[in-house]
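Data block below; observations after.
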Amino acid sequence: MKHSRITGTGSYLPDRIMTNAELEARVETSDTWIRDRTGIAERRIVADDETCADLAVAAASQALDMAGILAADVDLLVLATCTPDRVFPSTACLVQHRLGMREGSIAFDISAACSGFVYGLDIANRFLMTGGAKRALIIGAEAFSRIIDWDDRATCVLFGDGAGAVVLEPSEQPGILSTHLHADGQYEDLLKVDWGVGQGYDRLTPETGTVSMRGNEVFKVAVRTLGRIVDETLEANGLSKADIDWLVPHQANIRIIQATARKLGLPMERVVQTVQNHGNTSAASIPLALDTAVRDGRIRPGDLLLLEAFGGGFTWGSALIRY
Ligand code: ACO
C-alpha cells in the first residue's frame, strides 16, 4: 500500500518584532494582560514591501532544502492563506513561478482561516494517494498584520505574520495516518473580515477590511470543538491518548492549547508551543511550530504527532502523523 510522509519542513518570520510594550503605547492594554490571557510575548510584522508570497517562498525554500529536492521536482503546490497578495492570480501561482516549479504543475490557494494548513495537508495527501501528484508542497502563509485594526485591542494584540511549509512525498512506511476536516458556517459573525465582492461589501475600507472577533465566544467553541476532534482522531486510528508523542496545535492562545493538552493527558513538555514568539499566525501557525520542533531536535523520526486547528468559518481539523 502507498503512503505519503513529510520529508521536509521550513518556516519564515519577518525581521520586525512588535513587543507587547509597543502595543501598550498604542491601545489600552498591558503586557501582563496579553501574557496572562494569551501567552503571547511578541509578534512579527511584514515590512512595507513584503507580501504573503515573499513569506511563502522563504518557508518553502527551507522545506525543499531539508527534503533534498528541487522545486522542479514538485508537481503540486497548495497554499493556505486568508491574506493573499491579490484576489487573483492565487498566491500559489505567484509562488509556483518564483520557486521555479515546472510550467503546468498544479498550484492553488485554499481559504480555511487558521485551519488552512490542515486542510491543505488533507488535500495534498489525497492527491498523492490517488496518483494525482507525485510530490507536494503545502504552505501556510499570512501577512495578517495587513487586516488588523490597530485601534482594536480585542484583536490587535493577538495576531502576527509568518509562514511555514512542508514537503510531502510518497513512502513505503506510513506517514500521514489520517486527516479529519470540518466546517460550520453558522458562526460567521463571531470571527470575520467583512470585505468581499458580495452585496454590501463592494468597497475595501479601514472598517470592512479588518478582522472582527467575539473572542470569548470563539474561545468556548474552540475548546469544546478541539476536545471532540482529539477523540475523533484517536478513535479513527484505534489509538489511545498515551500513544501521542507530540501535540502540535494551532498557536492561537496558550489557554486553548493547555485545554487540549489536558484533554489528552499530555504534560506541556510534550506540546509544541511557539505562540509566545509570534502570536496567532493563522494558517502559518502549525507548520511554523512543526518546523521549530523538528529543527531543534524535539520531534524525531518515528514520533507520533497530533496536529489540530480551529479557525474562522468556523473550520477545524486534525492530522495524525508518524513523523
Ligand atoms: N487588553 C486589556 N484588556 C482587554 C483586551 C486587551 N487587549 N482585550 C479585551 N480586554 C478586556 C475586555 O474588554 C474585558 O473587559 P471587561 O471585563 O471590563 O468587559 C476583559 O478584558 C475580558 O475580556 P474577554 O474577551 O472575556 O477575555 P478572554 O479571557 O476571553 O480573552 C481572548 C480574550 C484572548 C481574545 C480569548 O477570548 C481568545 O483567545 N479567543 C479565541 C481566539 C481564537 O482562537 N480565534 C480562532 C482562531 S483566529 C482565525 O481563525 C483567524
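Counting starts at 1 for both ligands and their atoms, in listed order.
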Original post:
Within a distance of under 4.0 Å, is there any protein heavy atom near atom 31 (O) of ligand 1?
Top reply: yes

**OP:** Starting from atom 8 (N) of ligand 1, locate the nearest protein heavy atom and write down its residue, its atom name and how far away it is, to 0.1 Å.
**Re:** W33 CH2, 3.4 Å

**OP:** Number the atoms of ligand 1 from 1 as they appear, then name those within less than 4.0 Å of a heavy atom of A113, with their elements.
**Re:** 50 (O)

**OP:** For N280, counting its heavy atoms only, list the atoms of ligand 1 lying under 4.0 Å from any of them.
**Re:** 47 (C), 48 (S)

**OP:** Tell me, yes or no, whether the heavy-atom count around Q186 atom CD, taken from other residues, nucleotides or ligands under 6.0 Å, exceeds 12.
**Re:** yes

Original post:
With no hydrogens and no angle check, is any side-chain donor or acceptor of D109 less than 3.5 Å from a backbone partner on A80?
Top reply: no

Original post:
G215 to ligand 1: N or O pair under 3.5 Å?
Top reply: yes

Original post:
Under 3.5 Å, N or O to N or O, is N253 touching ligand 1 that way?
Top reply: yes

Original post:
Would you call F314 a ligand 1 contact, heavy-atom distance under 4.0 Å?
Top reply: no

Original post:
Can you tell which part of W316 has a heavy atom less than 4.0 Å from ligand 1: side chain, backbone, both or neither?
Top reply: neither

Original post:
Nearest non-hydrogen atom to atom 28 (P) of ligand 1 belongs to which of R153, R37, E28?
Top reply: R37

Donor-acceptor pairs are to be reported for all side-chain atoms of residues 256-267 against protein atoms at under 3.5 Å, with residues two or more places apart or in another chain.
residue: T260; atom: OG1; partner: I256; partner atom: O; Å: 3.1
residue: K263; atom: NZ; partner: D231; partner atom: OD2; Å: 3.0

Original post:
Among all protein non-hydrogen atoms, which one is nearest to atom 25 (O) of ligand 1, and what is the separation to 0.1 Å?
Top reply: N216 CB, 3.9 Å

Subject >> E24 (side chain) donor-acceptor with D31 (main chain) under 3.5 angstrom >> reply: yes

Original post:
Charged N to carboxylate O under 4.0 angstrom, D189 versus R214?
Top reply: no

**OP:** Mark yes when over 12 heavy atoms from residues, nucleotides or ligands other than R126 sit less than 6.0 Å from its CZ; otherwise mark no.
**Re:** no

**OP:** Look at atom 51 (C) of ligand 1 and say whether a protein heavy atom is found at less than 4.0 angstrom from it.
**Re:** yes

Original post:
Got more than 12 heavy atoms from elsewhere within 6.0 Å of CZ, R300?
Top reply: no

Original post:
Should L307 and F117 count as side-chain neighbours, where that means a heavy-atom distance under 4.5 Å?
Top reply: yes

Subject >> Per-atom contacts, ligand 1 versus L191 - under 4.0 Å to a heavy atom >> reply: 46 (C), 48 (S), 49 (C), 50 (O)

Original post:
With the 4.5 Å side-chain cut-off for hydrophobic clustering, are I17 and L13 part of the same group?
Top reply: no

Subject >> Residues, nucleotides or ligands: over 12 heavy atoms within 6.0 Å of H182 NE2 >> reply: yes

**OP:** Report yes if G312 has an N/O atom closer than 3.5 Å to an N/O atom of ligand 1; otherwise report no.
**Re:** yes

**OP:** Can you sort out which atoms of ligand 1 are near M213, meaning under 4.0 Å from one of its heavy atoms?
**Re:** 42 (C), 45 (N)

Original post:
Which heavy atom of the protein is the closest neighbour of atom 35 (C) of ligand 1, given with residue, atom name and distance?
Top reply: L158 CD1, 3.8 Å

**OP:** Please write down residue, atom name and distance for the protein heavy atom closest to atom 44 (O) of ligand 1.
**Re:** I256 CD1, 3.4 Å

**OP:** Check ligand 1 against A252 and write out every atom of the ligand that is under 4.0 Å from a heavy-atom position of the residue.
**Re:** 44 (O)

Original post:
Could any protein non-hydrogen atom be found less than 4.0 Å from atom 16 (P) of ligand 1?
Top reply: no

Original post:
side chain to side chain contact (heavy atoms under 4.5 Å, CB included) between R322 and R5: does it pass, once the steps are laid out?
Top reply: CA-CA 8 Å; R322 182 68 67 188; R5 79 179 185 91; over 6 Å; no

Subject >> Non-hydrogen protein atom less than 4.0 angstrom from atom 39 (O) of ligand 1 >> reply: yes

Subject >> Atoms in ligand 1 with a heavy atom of F310 nearer than 4.0 Å >> reply: 47 (C)

Original post:
If you count the atoms of ligand 1 from 1 in the order shown, which ones are under 4.0 Å from a heavy atom of R255?
Top reply: 28 (P), 29 (O), 31 (O)

Original post:
What about T29: any of its N or O atoms under 3.5 Å from an N or O on ligand 1?
Top reply: yes

**OP:** Please determine if T38 has a nitrogen or oxygen closer than 3.5 Å to a nitrogen or oxygen of ligand 1.
**Re:** no

Subject >> Protein contact to atom 47 (C) of ligand 1 [nearest heavy atom, distance to 0.1 Å] >> reply: C114 SG, 3.4 Å

Subject >> Proximal atoms of ligand 1 relative to V157 (non-hydrogen, under 4.0 Å) >> reply: 7 (N)

**OP:** For the residue pair T179 and D122, confirm or rule out a side-chain donor-acceptor distance under 3.5 Å.
**Re:** yes

**OP:** Specify the protein heavy atom at minimum distance from atom 43 (C) of ligand 1: its residue, its atom name, and the distance to 0.1 Å.
**Re:** V218 CG1, 3.8 Å

Original post:
With no hydrogens and no angle check, is any side-chain donor or acceptor of Q96 less than 3.5 Å from a backbone partner on M101?
Top reply: no

Subject >> Expected output: side-chain S285 to main-chain T281 donor-acceptor under 3.5 Å >> reply: no

Acceptor/donor pairs from residues 83-91 side chains to any protein atom, 3.5 angstrom cut, sequence neighbours excluded:
residue: T83; atom: OG1; partner: T81; partner atom: OG1; Å: 3.3
residue: T83; atom: OG1; partner: E142; partner atom: OE1; Å: 2.6
residue: T83; atom: OG1; partner: A143; partner atom: N; Å: 2.8
residue: D85; atom: OD1; partner: T51; partner atom: OG1; Å: 3.4
residue: D85; atom: OD1; partner: C52; partner atom: N; Å: 3.2
residue: D85; atom: OD1; partner: A53; partner atom: N; Å: 3.1
residue: D85; atom: OD2; partner: T51; partner atom: OG1; Å: 2.9
residue: S90; atom: OG; partner: C93; partner atom: N; Å: 3.1
residue: T91; atom: OG1; partner: D85; partner atom: N; Å: 3.2

